[in-house]
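Quick note on labels: first sequence line is chain A, next is B, and so on, each numbered from 1. Keep in mind that this is a model prediction, so the values were computed, not measured.
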Amino acid sequence: MSNRVAKELNLTEREVSYQIRYEGNVTPDTKIKFMTDGVLLKEVQKDFLLTKYSVVIIDEAHERSVYTDILIGLLSRIVPLRNKQGNRLKLIIMSATLRVEDFTENRRLFRIEPPVVKVDSRQFPVTIHFNKRTPLEDYLGEAFKKVCKIHRTLPEGGILVFVTGQQEVHTLCKKLRQTFPFEGKAEQKLKKSRRKKKESKTEILPKINLDNYSIEPVDEEAEREADDSDQEIEDNFMEGDDDVTSQLGEDLQTGGTTEPLYVLPLYSLLSKDKQSKVFDPPPKGCRLCVVATNVAETSLTIPDIKYVVDTGKVKTKFYDKVTGVSTFKITWTSKASGNQRAGRAGRTGPGHCYRLYSSAVYNDDFEKFSLAEIIRRPVDDLVLQMKYMNIDRIVNFPFPTPPDDEQVKAAETLLVSLGALTEPIKSVRMKDLKKTPITKITPLGKVMACFPVSPRYAKMLALGHQHDLLSYVVAIVAGLSVQEVFVEMQKPPDTDQEQDDFRSQIQYMSQVKKLWAGTGHSMLLGDLMVLLKAIGSAEYQGCTIEFCQKHGLRYKAMKEVRKLRAQLTNTVNMVIPDANICLDPKLKPPSDIQAKLIRQIILAGLADHVARRFPDPPPDADETLKKRKHAYQCTELDEPVFIHPFSVLYKQKPEFIVYQHIEETSKLYMKGISAIESEWLPVYAPSFCTLSKPQEDPPPSYDKSKDQIRCHMTSTFGRCCWEVPSVDLEYPANLDKYRWFARFLLEGAVVPGMKKYVTMLLSSPSTMVKSWAKLQPRTEKLLKELVAAGVDSKESLLKAWQKDPKYLLNTFCQWVPQSKHTEIEMTWPPVK
DNA sequence: GAGCACTGC
């Protein structure tokens, strides 16, 4: 875009520039900057009034992406602020006309209705054809029939078919290729045509089989005929013929054309080179037919499409607002998206769109628009970003479409548990009691907000600088943030050879994965270790296509991981002063100890994603117990969940694990598994633990290296109150902690200068922690003074002495005989 | 022993 505009304005790239996440060419001379919504959002965080700009244009606002929505909310406040300053900012929101009311009629957003400028689209007319009836189930079969019919009866022009997923894309491609074989016949024809060319040497080539096409546009009669033939086929199908394909194939081969069809798959996860085939002209004498998912609706535009076949279906990811469990469901699209799909037929000339559903279904069952993204996904990252901008009351923000309270609440709860937000402060004022309590960003939260990843991963990065682990954590987080690093789905095999190849590839992959996982702590890091090794070894080999293919890695994904690793490495170095890491293409695998520490960091980020294995049910168990075989219990869910079979820990089944997410397919499956130890829970997931009282045996102690009072405590974890064994922890902050500190101080464990008086103390230091200690004034006095100055560690004690060198002097004198008082006064404070 | 649409920091 920036290139093209620069050219048309006769300017250079220095003046018309662009900026996206990973790259840009902005210079000090830049006057017009093209950027993504996320980039502008980051700029608002740095300079709220966007003082660098005089005009902001938001394009594609109707797509309602989360960052665009938030930007519009922010800009609705920034524009008046700039006006007040006398430094005007113009805002132009560009949106497909249909949806403009979302912005213009929202009085919370724009107090005064903004003027609307309508611009007609430059589109060729597209004739819409609805099906008379809507197929109940087999929309794929219906799509197949429609493509056959178009190809058989209508003039030349590319066909674009919308289906919902890669499997469907491949299935339909295969069926179409079988029916209109391209190889063989097509090649013969091409040879023939070449021969003809040589023979006649005419300048005008006869178009292949032009006679087979009806040149007239389809009239209603033809349509009715076509529908009738549909009826016939469907009736036959209803009678119990399972294989509609073969029948259709016969029908078509005997009746109509066998003109080859050049069929291409298209979906986002497809490799770049396979995707870009759709942009090349099809071989001579062939009609192009692209079978695509939603990528072809907005992201990619295929040239020369004259016919669109729309199943009307989409596959969408859904989240459970409470549990966070995700599922994929196939539903009707929206009217807006249906029209967008139809529009794809009218880019180079008049076109036709065949909708495989009735107009009644379209009118009654289709929503006007697809739901805005912000109400369909967890918002924890957005809430953190907004709190970072000091927007504390999320509910008051002028969202074009506000996320619902449950989503926001879940996000705040998570962020509080991660330590990114303060515990909610309940207002004491009566009138505020009904309001939701405010949570504010913490210093940790501010660090986390700087990392462009999910808050859980940001927490891992914030902890990773300890023990030289940051390079590993960066690589793992980068890997986790990129979708589908491993090729786990295959297109259905076309031949026996392919089938065998797939099988051996899958076997080889699972061996490699096992090898990558290793043993010991490395193996217990589980799927994340496999990910780390995959990234490490791919980079070591220079991230070649060959290496990726051989090891079942998606090349595009690995490239993305590389870029994200670089970005995270930069950010980490900027945000964490002592980080100082570099992007090492030859990163060595972590040591056993490091792998253990990484597991602990992973737990700290996924404290709410812990699961525990159910005990194996006995042979005579009832149904509910039987369902728990190999199953896990997790904190948020009542139903049993399972380790996904792709996990390296699938067979291992460790007792305690953390998972990245749960997806519901045939079962509730956890993915991205690492094993943890239950003793770690109180340390790395403290907000989910309820601690017991400090145990008497073993007794509390003073840890010199940590300068902490330590004690043993048992605890329970989570909603289901799992018992966690006794572990050594810092003594909880309460009055008893001061008592124990006083005791260790008197025993000479804290400052060496007090050691020599231990034998002459008038009461035993242990009286400090006895319940009857109140009876003695000297214990009471010491305790009071420690509490008053907040002294419960050596560090705080030294500070208190810095302020007041006589601190505790009188009190301590009460513990030792009079004869020593002068000496003590002379050497106070007893630091050495 | 499974089965994932799409995009932005």
Handout entry: Closest to the A/P452 side chain, choosing from B/dC6, B/dG8, B/dC9
Key = B/dC9

Problem - Polar side chain donor-acceptor pair, A/Y67 to A/E373, under 3.5 angstrom - result: no

Practice task
Please check the phosphate of B/dG8 (OP1 and OP2 only) for any side-chain N or O of A/T68 closer than 4.0 Å.
Solution key: no

Exercise for the section: Mind calculating the distance between CZ (A/F646) and P (B/dG1) to the nearest angstrom? Expected result: 14 Å

Completion exercise
DNA chain B nearest-nucleotide lookup for A/E664 and A/L382: closer to the 5′ end is A/E664

Problem - Cation-pi check, A/K653 onto A/Y650 ring (under 6.0 Å, within 45° of axis) - result: yes

Handout entry: Gap between atoms OH and C1', on A/Y18 and B/dG8 respectively (whole Å)
Key = 16 Å

Practice task
Mind checking A/Y267 for me? I need base, sugar-phosphate or nothing, with any heavy atom below 4.0 Å counting as a touch.
Solution key: sugar-phosphate

Exercise for the section: In whole angstrom, give the distance that lies between atom CD of A/E43 and atom C1' of B/dC9. Expected result: 12 Å

Exercise for the section: Please work out if A/S65 contacts a base, only the sugar-phosphate, or nothing of the nucleic acid, heavy-atom cut-off 4.0 Å. Expected result: nothing

Exercise for the section: Identify which nucleotide among B/dG3, B/dC6, B/dG1 has an atom closest to any side-chain atom of A/V295, counting heavy atoms from C-beta outward. Expected result: B/dC6

Problem - Between P of B/dC9 and CG of A/D380, the distance in whole Å - result: 19 Å

Practice task
Look at all strands and tell whether A/I330 reaches a base, only sugar-phosphate, or nothing, counting heavy atoms closer than 4.0 Å.
Solution key: nothing

Completion exercise
Winner on side-chain proximity to A/Q567, out of B/dA2, B/dG8, B/dC9, is B/dC9

Exercise for the section: Would you tell me whether A/Y357 and A/E142 have side-chain atoms, one donor and one acceptor, within less than 3.5 Å of each other? Expected result: no

Exercise for the section: Would you classify A/R64 as touching base, sugar-phosphate or nothing, given that sugar-phosphate means primed atoms plus P, OP1 and OP2, and contacts are heavy atoms under 4.0 Å? Expected result: nothing

Practice task
Return no unless some side-chain N or O of A/Q483 is found under 4.0 Å from OP1 or OP2 of B/dC4.
Solution key: no

Exercise for the section: Answer yes or no: does a side-chain N or O of A/T298 lie under 4.0 Å from OP1 or OP2 of B/dT7? Expected result: no

Practice task
Rounded to the nearest angstrom, tell me the gap between atom CG in A/L269 and atom P in B/dC6.
Solution key: 5 Å

Exercise for the section: Give a yes/no on whether any side-chain N or O of A/Y669 is located under 4.0 angstrom from OP1 or OP2 of B/dA2. Expected result: yes

Problem - Neighbour count >12 (heavy atoms, 6.0 Å) for atom NZ, A/K321 - result: no

Practice task
Just call it for A/K671: base, sugar-phosphate, or nothing, with non-hydrogen atoms closer than 4.0 Å on any strand.
Solution key: base

Exercise for the section: Assign A/V314 to base, sugar-phosphate, or nothing according to its heavy-atom contacts below 4.0 angstrom with the strands shown. Expected result: nothing

Problem - Ring-face cation contact, A/F318 with A/R376, 6.0 Å cut, 45° max - result: yes

Exercise for the section: From the options B/dC9, B/dC4, B/dA2, select the nucleotide whose nearest atom is closest to the side chain of A/I20. Expected result: B/dC9

Problem - Side-chain N,O (A/T293) to OP1/OP2 (B/dC6) below 4.0 Å - result: yes

Practice task
Specify the separation, in whole Å, of atom CE of A/M509 and atom C1' of B/dG1.
Solution key: 16 Å

Practice task
Tell me what A/V66 touches on the nucleic acid: a base, only sugar-phosphate, or nothing, going by heavy atoms under 4.0 Å.
Solution key: base

Exercise for the section: Can you establish whether the number of heavy atoms outside A/K559 located under 6.0 Å from its atom NZ is more than 12? Expected result: yes

Practice task
Remember a base hit wins even if backbone is also touched, and classify A/S326 as base, sugar-phosphate or nothing at under 4.0 Å, heavy atoms.
Solution key: nothing

Problem - Nucleotide of B/dG1, B/dC4, B/dG8 approaching A/Y67 most closely (side-chain heavy atoms) - result: B/dG8

Handout entry: Candidates B/dA5, B/dC9, B/dC4 - which lies nearest the side chain of A/K317
Key = B/dA5

Exercise for the section: Look at the side-chain N and O atoms of A/S268 and state whether any lies under 4.0 Å from the OP1 or OP2 oxygen of B/dT7. Expected result: yes

Problem - Euclidean distance, atom CG of residue A/D37 to atom C1' of B/dC9 [Å, nearest integer] - result: 9 Å

Practice task
Would you indicate, yes or no, if B/dT7 has its OP1 or OP2 atom less than 4.0 angstrom from a side-chain nitrogen or oxygen of A/S299?
Solution key: yes

Exercise for the section: Could you tell me whether A/Q385 contacts a base, only the sugar-phosphate backbone, or nothing, with contacts defined as non-hydrogen atoms closer than 4.0 Å? Expected result: nothing

Exercise for the section: Please work out if A/E663 contacts a base, only the sugar-phosphate, or nothing of the nucleic acid, heavy-atom cut-off 4.0 Å. Expected result: base

Handout entry: Geometric cation-pi criterion A/R355 and A/Y362, 6.0 Å radius, 45° cone
Key = yes

Fill in the blank from the handout: A/E373 atom CD is separated from B/dA5 atom P, nearest whole Å, by 17 Å

